[in-house]
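Only a predicted model underlies this, so the values are computations on that prediction, with no experimental measurement involved.
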Amino acid sequence: MPLHVPPAPAPALRSVLAALGSPTAVHEAHTPALRALQGPMTAELPLPVHVLDRLHISGLTAGGRPPRTRLTGWRFLIRSGDRYVAAADTRLTPDGWAFSHFFEGPYVAATERALRQAESLGKNYQPRLLSVPELYMLTLWLHGSVGADASAGLPAAADLLVPLAPAPPGIAAYRPHPVSELLPVLTHRLTPTAPPVPPSVAAPAA
């Protein structure tokens, strides 16, 4: 089933398109692949980027409250021809959404792979990105409420999280996990005396 990609704020998209059209912005980016391109580029697959940090995840251990997330930006994949070569991040400023930076690297290909995988799951989802900075971890967050405001909302227990590669040691990349299963593991990872990762979320042995 197709994913229901949420519409990005118009100013965020305009800022990315303006940056793509600026030779200065493109050539000053730390993205060799982007600088080397000669043909047209498009900004596609806008994904809201939510962050879950130690402060917000601690609610799981305090009465079982759902974790809170905060929206930090919108990310667009940059396509050239038949492939995605980079990504563009935007951020919220006092004057509204603005272009932040271009980047390339493993998370670009990992995001594309996870999105293609999610399309084959047989259920409708709204795709988002969920970052856990203290674990150097990024996941594709598949939200079950496809019509929800993409800038808000909490991870529901039945939502899926798909760790992107490179994933933290002991957590399998590209394996979908219900929020109710993976978030407690992340909570333990963020505590000084973290117990072993349950086999259900651990990466398979080599």
side-chain contact (heavy atoms from CB on, under 4.5 Å) evaluation trace for I78 with V108: CA-CA 9 Å; I78 306 303; V108 175; over 6 Å; no
Trace of the side-chain contact (heavy atoms from CB on, under 4.5 Å) decision for V85 with L77: CA-CA 8 Å; V85 296; L77 295 187; over 6 Å; no
side-chain contact (heavy atoms from CB on, under 4.5 Å) between V51 and T69, worked out: CA-CA 5 Å; V51 168; T69 65; over 6 Å; no
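At least one side-chain heavy atom of L52 sits less than 4.5 Å from a side-chain heavy atom of L183. In this structure, P46 and P7 have side chains that are not in contact, with every pair of non-hydrogen atoms separated by 4.5 Å or more. Residues H177 and P163 have side chains in contact (heavy-atom distance under 4.5 Å, counting atoms from C-beta outward). A heavy-atom distance below 4.5 Å is not found between the side chains of L164 and T139. Side chains of Y107 and P166 form a contact here, defined as non-hydrogen atoms less than 4.5 Å apart. Between L17 and T42, every side-chain heavy-atom pair lies at or beyond the 4.5 Å cut-off. Annotation: side chain of Y125 is not in contact with side chain of H4 (no heavy-atom distance under 4.5 Å). Between L130 and L138, the closest side-chain pair of non-hydrogen atoms is not below 4.5 Å.
Side-chain polar atoms of D95 and T93 form no donor-acceptor pair below 3.5 angstrom.
If you run side chain to side chain contact (heavy atoms under 4.5 Å, CB included) between P127 and each of V146, L45, L115, only L115 comes through. L142 pairs with exactly one of L121, D159, N124 by the side chain to side chain contact (heavy atoms under 4.5 Å, CB included) rule, that one being L121. No option in F76, F99, W97 other than F99 meets the side chain to side chain contact (heavy atoms under 4.5 Å, CB included) test with S15. The only member of R83, R79, R75 that meets salt bridge (Lys or Arg N to Asp or Glu O under 4.0 Å) when paired with E44 is R79.
S22 places no side-chain N or O within donor-acceptor distance of the main-chain N or O of A18, the cut-off being under 3.5 Å. Panel note: side chain Q126, backbone G147; no donor-acceptor pair is recorded below 3.5 Å.
Of all heavy-atom pairs between P168 and R189, the closest is CB-NH1, 3.8 Å. When all heavy atoms of L71 and S151 are compared, the closest pair comes out as CD2-CB, 3.4 Å. Minimum interatomic distance between A19 and F102 (heavy atoms only, all atoms of both residues): CB-CZ, 3.7 Å. Nearest heavy atom pair, residue A150 against residue W74, reads CB-CH2, 3.9 Å. The two residues V179 and A156 have their closest heavy-atom pair at CB-O, 3.1 Å. Closest heavy-atom contact between G153 and R128: O-NH1, 4.1 Å.
Classified by interplanar angle (parallel below 30°, tilted 30° to 60°, perpendicular above 60°), the ring pair F103/H101 is tilted.
E112 CD to L140 CG: the interatomic distance, rounded to the nearest 0.5 Å, is 12.5 Å.
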